[in-house]
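A quick note: this is a predicted structure, and the numbers were derived from the prediction, not measured. Below, chain A is the first sequence line, B the second, and so on; all start at residue 1.
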There are 2 protein chains.
Amino acid sequence: MRERPYKHALDLLQRAGLRPTKQRLALARFLFDGHDRHVTAEQLHARALEDRVSVSLATVYNTLHQFTRAGLLREVVVDANRSYFDTNTSEHHHFFHEKTGELQDIRDVVVANLPQPPAGARIARVDVVVRLDDTDESGDVVTHSGPADRADI
Amino acid sequence: MRERPYKHALDLLQRAGLRPTKQRLALARFLFDGHDRHVTAEQLHARALEDRVSVSLATVYNTLHQFTRAGLLREVVVDANRSYFDTNTSEHHHFFHEKTGELQDIRDVVVANLPQPPAGARIARVDVVVRLDDTDESGDVVTHSGPADRADI
DNA sequence: TCAACAGTTTAGAATCGTTCTAAAGAAACC
DNA sequence: GGTTTCTTTAGAACGATTCTAAACTGTTGA
Ligand SMILES: [Mn+2]
Ligand SMILES: [Mn+2]
Ligand SMILES: [Zn+2]
Ligand SMILES: [Zn+2]
């Protein structure tokens, strides 16, 4: 929890050159409260409505993209049909719980031995997604499965 | 190029317990011709029509999912709004050309220092996606950009 | 061989996340 | 306050994918 969430959100918007509207302030206060969050547009929209902030889904999308452009968020691709936005913009990777759709930050993963990118291309970003099956107490797989890979050493 | 593509496709379908219909044979012959391929449903559909195989898009989707369930394909998630299917089912990772949507296999990437998965979960798969910006001869970035990360180590 | 059944294909509708449009509303500026 | 510029919004549109239900085809075994 931050001490002056309103002031902090205001600062972020001003630095991004975005007018501090009711909707943006509400979304920013929730998103940038000091926790690392991974939200979809729908989730953020639902959360705003819970807090009795009236905001349309279109505005939630607009705002998420503006925040992303401003470097306040980054988009994480883990699911072919849903976009996640991550408030942690530092270099890190993810566990993805396929059953629940939950993302979890992981740090210190080492990616080595990357081949040279083809001529005319350069690396914009490296994303590691560790997909997780949930198991029940018996150790049986609960979700749809497939042979489990292990990470290359 | 395979010597008896018809026979090979037939074998694959039979081992998967799928009836060798005209549509499945045509799709299988193209997909499993010995090359590693990364296709979207639309691309595969377009290709079939080029080859004058009449097949509906619904059947292409059905077939891709059946082949995936049978372990002949695997789905690769790199783009929030498009599903890629990969004929290379061995352990490997990808370059993703954000501009063109093209995927390219990379081998021998080392992923180390993965944290233990949370209790009740186990690793189903580890995916490394190296996103590439295309640059022109001057070295300037051609696509929309963002600060370029380098891989850890 | 052929009927009967089970599995397959398909057109078109439906769904779903996301983006667009254009008009109304709010912030900024003078 | 008046004017400009940016923002929000409802609702339509979009594009990828899935569903539906009816027609079709491969398989089986009498
Ligand atoms: Mn987007
Ligand atoms: Mn799918
Ligand atoms: Zn994260
Ligand atoms: Zn591949």
Side-chain angles (χ1 to χ4, degrees), chain A residues 6 9-29 38-49 51-70 72-73 75-85 101 103 144, chain B residues 6 9-29 38-49 51-70 72-73 75-85 101 103 144:
Chain A
Y6 230 116
L10 191 62
D11 275 0
L12 292 175
L13 292 179
Q14 278 169 349
R15 267 182 268 145
L18 296 168
R19 289 184 184 175
T21 63
K22 184 156 58 82
Q23 289 82 355
R24 284 183 185 146
L25 278 168
L27 298 176
R29 263 189 296 160
H38 303 90
V39 299
T40 64
E42 290 282 2
Q43 285 166 3
L44 182 56
H45 185 229
R47 173 62 201 242
L49 297 189
D51 289 0
R52 298 207 168 52
V53 175
S54 105
V55 56
S56 72
L57 188 54
T59 295
V60 171
Y61 275 105
N62 288 342
T63 303
L64 285 170
H65 287 135
Q66 289 155 352
F67 286 2
T68 301
R69 241 177 287 133
L72 299 171
L73 294 176
E75 209 168 339
V76 180
V77 178
V78 284
D79 181 325
N81 303 304
R82 196 182 310 275
S83 279
Y84 285 82
F85 293 84
L103 275 174
H144 52 78
Chain B
Y6 230 113
L10 192 62
D11 276 359
L12 291 176
L13 292 179
Q14 278 167 349
R15 268 182 266 145
L18 296 169
R19 289 187 184 171
T21 63
K22 183 156 58 81
Q23 289 83 353
R24 284 182 184 145
L25 278 169
L27 297 176
R29 262 188 297 160
H38 304 90
V39 299
T40 64
E42 289 283 1
Q43 285 167 3
L44 182 56
H45 184 231
R47 173 60 200 241
L49 298 189
D51 290 0
R52 300 206 168 52
V53 175
S54 104
V55 56
S56 71
L57 188 54
T59 295
V60 172
Y61 275 106
N62 289 341
T63 303
L64 285 171
H65 287 135
Q66 289 154 354
F67 286 1
T68 301
R69 241 176 288 133
L72 299 172
L73 294 176
E75 209 169 338
V76 180
V77 178
V78 284
D79 181 326
N81 303 304
R82 197 183 311 274
S83 279
Y84 286 82
F85 293 85
L103 275 173
H144 52 76

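Rounded to whole Å, the distance from CG on B:Leu57 to C1' on C:dT8 is 16 Å. Remark: P of D:dC14 and OH of A:Tyr61 are 18 Å apart, rounded to the nearest angstrom. Atom CG in A:Asp79 sits roughly 11 Å away from atom C1' in C:dG17 (whole-Å rounding). For the pair A:Arg69 CZ and D:dC6 C1', the interatomic distance rounds to 13 Å; values are reported in whole Å. When rounded to the nearest whole Å, the span between CG of B:Leu64 and C1' of D:dT17 equals 12 Å. Nucleotide C:dT8 holds its C1' atom 13 Å from the CG atom of B:Leu25, rounded to whole Å. The separation between A:His45 atom NE2 and C:dC16 atom P is 17 Å, rounded to whole Å. As rounded to whole Å, 7 Å separates atom P of C:dT19 from atom CG of B:Asn81.
The side chain of A:Gln23 lies closest to D:dT8, out of C:dT18, D:dA10, D:dT8. With distances taken from any side-chain atom of B:Arg24 to the nucleotides D:dC19, C:dT8, C:dG17, the minimum falls on C:dT8. Considering only the side chain of B:His65, D:dT18 comes nearest among D:dT9, C:dT19, D:dT18. The B:Asn62 side chain lies nearest to C:dT10 when the options are D:dT9, C:dT10, C:dG17. Checked against D:dT18, D:dT7, C:dT10, the side chain of A:Leu18 finds its nearest nucleotide in D:dT7.
Take A:Thr21 and apply the side-chain contact (heavy atoms from CB on, under 4.5 Å) test, not counting sequence neighbours, and it matches A:Arg19, A:Gln23, A:Arg24. Residues satisfying the side-chain hydrogen bond (donor to acceptor under 3.5 Å, both in side chains) test with A:His38, not counting sequence neighbours, are A:Asp86, A:His94, A:Asp105. Annotation: salt bridge (charged side-chain N to carboxylate O under 4.0 Å, His left out) contacts of A:Arg29 (sequence neighbours excluded): none. Checked against side-chain hydrogen bond (donor to acceptor under 3.5 Å, both in side chains), A:Asn62 has no partners two or more places apart in sequence or in another chain.
Under the 4.5 Å side-chain criterion, counting only non-hydrogen atoms from C-beta, B:Leu18 is in contact with B:Phe67.
Within the structure, salt bridge (Lys or Arg N to Asp or Glu O under 4.0 Å) contacts touching residues 53-64 of chain A (residues at least two apart or in different chains) do not occur.
Comparing A:Glu42 and B:Ser56 along DNA chain C, the residue whose closest nucleotide (by nearest heavy atom) sits nearer the 5' end is B:Ser56.
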Given protein heavy atoms under 4.0 Å, the one-letter contact record of nucleotides 24-30 of chain C, with B base, S sugar-phosphate only and - none, is simply --BBS--

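Taking the ring centroids of A:Phe85 and A:His65, they lie under the 6.0 Å cut-off.
Considering only side-chain N and O atoms, B:Thr59 lies nowhere under 4.0 angstrom from the phosphate OP1 or OP2 of C:dT8. OP1 or OP2 of D:dA16 has not a single side-chain nitrogen or oxygen of B:Thr40 nearer than 4.0 Å.
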